[in-house]
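Taking it in order: structure first as structure tokens, then the write-up.
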Amino acid sequence: MADIDGATIIARSLKTHGVDHCFGIVGFPVQPIAAAMQREGIRFIGMRHEQSAAYAAGAMGYLTGRPMPLADALKLPGLKPKALLRRRG
């Protein structure tokens, strides 16, 4: 059995659900998920502020009617990145 990391599992799951774009904060905590998404064919769009990323993901999801994830990272010790799936409606 091949080894697979959590970031790749998240990226493959998002790809399976039809996600092709993701907005997130650029930084070390999100890097593994962003790299895995790009390997799976999901375009990771780096933002500089959490609120801007949330607005962009919400707007794109609203305009396209497709799920638009937001990969957010809290820069606190012991916390891992979280992926939030934003859906219209």
Side-chain angles (χ1 to χ4, degrees):
M1 178 183 239
D3 289 336
I4 186 169
D5 62 351
T8 302
I9 292 171
I10 290 171
R12 287 183 183 171
S13 176
L14 291 173
K15 188 67 172 178
T16 300
H17 284 88
V19 173
D20 55 6
H21 290 80
C22 178
F23 295 88
I25 308 307
V26 178
F28 182 75
V30 177
Q31 191 278 330
I33 293 176
M37 287 180 188
Q38 291 173 351
R39 283 193 302 272
E40 296 298 322
I42 298 172
R43 182 173 178 208
F44 183 83
I45 302 166
M47 307 291 281
R48 293 185 181 203
H49 192 272
E50 291 90 351
Q51 191 172 5
S52 298
Y55 283 144
M60 193 159 183
Y62 179 77
L63 292 172
T64 64
R66 299 182 63 197
M68 200 55 51
L70 168 66
D72 191 21
L74 300 174
K75 297 176 180 104
L76 298 172
L79 294 178
K80 297 288 182 185
K82 58 185 177 180
L84 304 173
L85 190 61
R86 301 255 179 201
R87 288 189 177 267
R88 180 179 176 191

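Reckoned from all heavy atoms, side chains included, excluding hydrogens, waters and symmetry mates.
- Atom CD of Glu40 and atom OG1 of Thr16 lie 8.5 Å apart (nearest 0.5 Å).
- Taking each heavy atom of Gly41 and Lys15 in turn, the nearest pair found is O-NZ, 3.5 Å.
- Annotation: side chain of Arg12 is in contact with side chain of Ile4 (closest heavy-atom distance under 4.5 Å).
- Across Ile42 and Ala11, no two heavy atoms sit closer than the pair CD1-O, 3.6 Å.
- By the side chain to side chain contact (heavy atoms under 4.5 Å, CB included) test, Ala35 pairs with Gln31, Arg39, sequence neighbours left out.
- Under the 3.5 Å distance criterion, the side-chain polar atoms of His17 are left unmatched by any main-chain donor or acceptor of Val19.
- Across every non-hydrogen atom of Ala7 and Pro32, the tightest pair is CB-O, 3.5 Å.
- Rounded to the nearest 0.5 angstrom, Ile25 CD1 and Met47 CE are separated by 7.5 Å.
- Across every non-hydrogen atom of Phe44 and Phe23, the tightest pair is CE1-C, 4.4 Å.
- Taking OH of Tyr55 as the reference point, atom NE2 of His49 lies at 10.0 Å (rounded to 0.5 Å).
- For the atom pair CD1 (Ile33) and OG1 (Thr8), the distance works out to 10.0 Å, reported to the nearest 0.5 Å.
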